[in-house]
2 protein chains.
Amino acid sequence: MPHLHDLNPRVSVDNVILGFDDENLNVLLIGRSLSDGRTDDVLALPGDLIFENENLEMAAERVLFELTGLTDLFLQQAGAFGDPNRLAKPKDREWLKTVRQEPDVRVITIAFFSLVNMNDYTPQPASFARSVQWVPIQDVGDLAFDHNRILTTCLKRLRETIAIKPVGFNLLPVKFTLGQLHRLYEAILDKPLDKRNFRRKIQKLDILTHLDEKQEGVPHKPSSFYKFNEIKYQKLVETGFDNFGF
Amino acid sequence: MPHLHDLNPRVSVDNVILGFDDENLNVLLIGRSLSDGRTDDVLALPGDLIFENENLEMAAERVLFELTGLTDLFLQQAGAFGDPNRLAKPKDREWLKTVRQEPDVRVITIAFFSLVNMNDYTPQPASFARSVQWVPIQDVGDLAFDHNRILTTCLKRLRETIAIKPVGFNLLPVKFTLGQLHRLYEAILDKPLDKRNFRRKIQKLDILTHLDEKQEGVPHKPSSFYKFNEIKYQKLVETGFDNFGF
DNA sequence: TCTTGGTAGTGTATATTTGACACTAAGATT
DNA sequence: AATCTTAGTGTCAAATATACACTACCAAGA
């Protein structure tokens with residue numbers, strides 16, 4: 001029986017790290033390790049308890065860094081999840097027992113999502129993970145805890161956010177083609193977008209710089225490269241604009 | 001010096017309760033009571049630590065109920081606030097010392113906002129409050145802790161939300177006039193909206209039911225009453241629509 | 001070297017939506 | 001009767017959204 005003060009909840013962050021492979025949105029999931037060396041077959045979102053002198057964003061950045069080695073990534077809070085029984089599924093409790101001193105204590109988690117360019121690095125299993133893998137979001141099965149719900153919420157928030165800010169650029173290389181951007185928007189919004197209308201709309205925003213460079217070695221007409229123009233975007237934000245909606 | 005496990009953060013909810021008085025948006029603030037009977041002069045958002053077997057929404061509903069006596073109100077999470085020093089202002093620490101066994105423990109709070117019809121009730125000072133008052137949002141001064149930041153975030157989220165869902169109806173009586181609705185949108189968005197364009201747009205959504213009833217005793221042309229039509233709204237959501245934006 | 005397969009890139013016509021704008025109607029008060 | 005106040009209404013022009021089909025360019029293989 002825990003002491004009274006042990007009934008205070010713990011607080012963690014969980015991070016929905018999204019990447020784009022030029023076709024699908026992928027989410028970075030970890031495989032849990034058991035204390036006896038075996039690997040659990042349930043995948044989970046990466047996350048960790050927050051440290052004592054860390055704010056929520058710092059905790060999320062730490063998780064992200066341990067997994068990807070990257071810093072300064074796009075990161076946005078998506079909400080808190082705190083149902084008392086969110087850790088109560090039998091498999092989850094079994095796993096918690098093997099890794100924690102306090103398997104029964106309540107944990108409230110703050111969910112973040114971040115957007116990364118999948119080609120920038122290869123994920124490393126971190127201290128809290130046995131394995132790491134990119135999983136296309138349409139192939140994500142049952143996750144640990146309430147992580148399916150968290151993932152769904154984050155994807156919804158991403159769709160809302162991308163209608164207001166061009167955050168999608170974080171999922172692409174610095175140089176990208178309009179075709180890539182088009183496929184990215186279709187993947188995020190999960191619906192087809194007319195090619196000509198998409199190109200017209202994105203170009204009218206005037207936040208892209210056309211580079212004097214084309215694809216090479218592709219078995220079709222080579223596409224021009226563009227890059228996102230932060231300065232023009234900032235000006236656009238200041239003068240006020242309403243929508244990036246598609 | 002606290003024990004090690006006491007370093008675990010506590011978790012609270014804070015609630016931005018918004019009301020509309022036919023002119024301004026108002027927020028419900030509490031005055032803190034000191035243990036010696038005096039009243040602190042700093043206003044705060046109502047909130048409380050979450051109970052052991054309560055989820056986050058339940059905790060927010062409880063705070064709301066204790067203050068207003070109302071249930072089943074519109075309530076939406078706006079995010080978590082967890083800076084380690086969010087309780088560290090001198091006045092706040094002084095107050096914490098008079099009311100808590102643990103003045104120095106870290107508290108992470110989950111912010112909610114709710115929308116209520118101001119005429120439905122009169123707020124009651126609850127267990128955690130010395131006084132309760134409606135304050136027009138433009139008159140809100142320095143609040144306790146990081147509550148100004150929380151309020152700002154919640155108002156921003158309200159503006160985003162009302163562009164997607166007609167949540168504003170929760171701030172009005174069941175029967176209302178288009179003029180009231182118009183003033184409400186202007187108050188929330190903090191900008192003037194053309195009367196004719198507003199009416200056209202809101203009516204085209206076809207989610208209002210025109211009642212066979214008019215204002216009485218008003219010293220001007222009486223206005224028709226309308227009510228929000230939940231059924232039509234649900235149909236609209238199902239068939240898909242994009243924007244309530246103004 | 002010619003054919004094939006695959007993606008890049010472009011314009012127009014129509015329908016819909018937005019934004020600006022000014023007067024009459026109805027009731028209460030004096 | 002005059003005055004005050006809010007309710008309620010229509011039109012035009014500009015901007016935006018939608019639907020839609022063909023040519024250009026490159027690589028690879030026949």
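Since we're looking at a predicted model, the values are computed, not measured.
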Margin query: Please determine whether a side-chain nitrogen or oxygen atom of B:Arg199 lies at a distance below 4.0 Å from atom OP1 or OP2 of D:dG8.
Written below: yes

Check: Think A:Lys201 has a side-chain N or O under 4.0 angstrom from the OP1 or OP2 of D:dA17?
Finding: yes

Separation of atom [atom1] in [X] from atom [atom2] in [N], rounded to whole Å:
X	N	atom1	atom2	answer
A:Glu216	D:dA28	CD	P	13 Å
A:Phe198	C:dG9	CZ	C1'	14 Å
A:Phe176	C:dT7	CZ	C1'	18 Å
A:His182	C:dT10	NE2	P	15 Å
A:Leu193	D:dC20	CG	P	15 Å
A:Leu181	C:dG9	CG	C1'	15 Å
A:Gln215	C:dA8	CD	C1'	9 Å
A:His210	C:dA8	NE2	P	13 Å

Note to self: If only side-chain N and O atoms count, and only distance matters, is there a donor-acceptor pair under 3.5 Å linking B:Gln215 with B:Thr177?
What the structure shows: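 Short answer, no.
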
Margin query: Show, in sequence, the C-alpha distance, side-chain angles and deciding distance for A:Phe145 and A:Phe81, and conclude whether the ring-ring contact (aromatic ring centres under 6.0 Å, His included) test is met.
Written below: CA-CA 11 Å; A:Phe145 311 122; A:Phe81 295 80; over 10 Å; no

Item checked: Among D:dA19, C:dG9, C:dA28, the nucleotide that comes nearest once only the side chain of A:Lys195 is considered -> C:dG9

Next item on the list: Would you indicate which nucleotide in C:dG9, C:dG27, D:dG8 comes nearest to any side-chain atom of B:Lys221?
Entry: D:dG8

Note to self: Is the ring pair B:Phe228/B:Tyr233 parallel, tilted or perpendicular, if the boundaries are 30 and 60 degrees?
What the structure shows: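 The arrangement is tilted - the two ring planes meet at 30° to 60°.
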
Next item on the list: Check the angle between the aromatic planes of B:His182 and B:Phe198 and answer parallel, tilted or perpendicular using the 30° and 60° thresholds.
Entry: parallel

Next item on the list: Return the 5'-most residue of the pair B:Leu178, A:Lys204 with respect to DNA chain D, ranking by each residue's nearest nucleotide.
Entry: B:Leu178

Item checked: Short N-O contact, B:Glu23 and B:Arg183, less than 4.0 angstrom ->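 No, B:Glu23 and B:Arg183 are not salt-bridged.
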
Item checked: Given DNA chain C, 5'-ward residue of the pair A:Arg200 and A:Ser223, judged by closest heavy atom -> A:Ser223

Notebook entry, point to check: Where each residue is assigned the nucleotide of DNA chain C containing its nearest heavy atom, which of A:His220 and A:Gln203 is assigned the position nearer the 5′ end?
Noted result: A:His220

